[in-house]
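Below is one structure; the comments refer to it alone.
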Amino acid sequence: CDVIRWMAFDEDSRLARKVQKGDRQAFEVLLARYERPIFSFTCHFFQDRALSEDLTQETFLRAYRFIGSFRPREKFSSWLFSIAKNLCIDELRRRQKGTTVDIDAVDPDALVSDSHVGNNPLVASVMVQQGEILRKAIARLPEKYRTSIILFYFNELSYEEISEVMQVSLSNTKILLFRGKKMLLDLYREETG
């Protein structure tokens, strides 16, 4: 698995260097590779499909515009997730100043897959309800804990990758995840009564 990650890291860096030299086709390959993970991250962060699509598009626009700042010794995915994270934080701050996230407008099936529950509607209904409670709890987490939880559980980034994205030490990443999980459990219990 580490060999595969290293090969992807090397390939991403090679493609990013090509983009820096003006190769648009190389950027399209990176876009195809990372569009879904970035969308997933923004969607879990805000649970608003239209906003997530906008943030994903803005992430890639900024990545293309600022590709010159990418250093090939960095991991491209971490650099890209950092852009998405910063956009999400900016949007969160903007919303906190004016409007709030409407968590009740979320399509329950958007983030919870019930493909493994078979044809039992009761089990599917319980799974959807639990997923909704979990989404509400995640939405209530402070930004740094929400970000680390989403990157770890939904985007399956390693501690090292999260550390790069969030620009904190590896030990602080572990602390963020530990505290975030504890807060999430408390919020989940609060939501379920």
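Numbering starts at 1 and runs along the sequence shown. Only a predicted model underlies this, so the values are computations on that prediction, with no experimental measurement involved.
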Side-chain (Glu74) to main-chain (Arg71) donor-acceptor, under 3.5 angstrom: yes
Main-chain N/O of Lys144 paired to Thr147 side chain as donor or acceptor, under 3.5 Å: no
Nearest atoms (heavy-atom pairs only) where Gln47 meets His44: NE2-O, 3.6 Å
Donor-acceptor pair, side chain of Thr173 and main chain of Ile162, under 3.5 angstrom: no
Residues that Gln20 engages under side chain to side chain donor-acceptor pair (under 3.5 Å), provided they are two or more places apart: none
Which atom of Cys88 lies closest to which atom of Phe41, heavy atoms considered: SG-CE2, 3.9 Å
Donor-acceptor pair between Ser158 and Glu161 side chains, under 3.5 angstrom: yes
CD1 on Ile83 to CG on Leu55, rounded to 0.5 Å: 13.0 Å
Straight-line distance of Phe81 CZ to Glu164 CD, nearest 0.5 Å: 12.0 Å
Residues Leu15, Phe27; criterion side-chain contact (heavy atoms from CB on, under 4.5 Å); working and verdict: CA-CA 7 Å; Leu15 289 168; Phe27 187 76; over 6 Å; no
Short side-chain to backbone donor-acceptor contact, Ser13 and Asp10, under 3.5 Å: no
Side-chain touch Leu80/Phe70, heavy atoms, less than 4.5 angstrom: no
Residues Leu87, Arg62; criterion side-chain contact (heavy atoms from CB on, under 4.5 Å); working and verdict: CA-CA 10 Å; Leu87 286 169; Arg62 288 193 185 185; 3.3 Å; yes
same_hphob_cluster(Ile138, Ile89) at 4.5 Å side-chain heavy-atom cutoff: no
Worked check of side-chain contact (heavy atoms from CB on, under 4.5 Å) between Leu92 and Phe45: CA-CA 9 Å; Leu92 185 64; Phe45 206 92; 4.2 Å; yes
Pairwise salt bridge (Lys or Arg N to Asp or Glu O under 4.0 Å) hits with a residue in residues 20-31, at least two apart: none
Shared hydrophobic cluster, Leu141 / Phe154 (ILVMFWY, side-chain heavy atoms < 4.5 Å): yes
Donor-acceptor under 3.5 Å (Asp48 side chain, Ala50 main chain): yes
Closest heavy-atom pair and its distance - Ser82, Val165: OG-O, 3.1 Å
Residues Arg140, Glu190; criterion side-chain contact (heavy atoms from CB on, under 4.5 Å); working and verdict: CA-CA 11 Å; Arg140 291 178 55 198; Glu190 186 181 308; 2.6 Å; yes
Tabulate below the donor-acceptor pairs under 3.5 Å that side-chain atoms of residues 175-189 make, not counting sequence neighbours, or state none.
from	atom 1	to	atom 2	distance (Å)
Lys182	NZ	Asp186	OD2	3.4

Shared hydrophobic cluster for Leu170 and Tyr153 (ILVMFWY, side-chain gaps under 4.5 Å): yes
Ion pair check, Glu160 and Lys75, cut-off under 4.0 Å: no
Pairwise distance CD1(Ile150) to OG(Ser40) - rounded to 0.5 angstrom: 8.5 Å
Geometric cation-pi criterion Lys174 and Tyr159, 6.0 Å radius, 45° cone: yes
Check: Ser52 main-chain N/O paired with Thr56 side-chain donor or acceptor under 3.5 Å: yes
Atom pair CD1 (Ile38) and SG (Cys43), whose distance is rounded to the nearest 0.5 Å: 13.0 Å
Arg65 atom CZ, neighbour heavy-atom count above 12 within 6.0 Å: yes
Close side-chain approach of Tyr64 and Ile67, heavy atoms under 4.5 Å: no
Spacing of CE belonging to Met166 relative to CG belonging to Asn172, to within rounding of 0.5 Å: 10.0 Å
Under 3.5 Å: donor-acceptor pair, side chain of Asp12, backbone of Leu30: no
Salt bridge Arg146-Glu143, side-chain N to carboxylate O under 4.0 Å: no
Contact check, side chains of Ser69 and Trp79, non-hydrogen atoms, under 4.5 Å: yes
Phe76-Tyr34 aromatic ring centre distance below 6.0 Å: yes
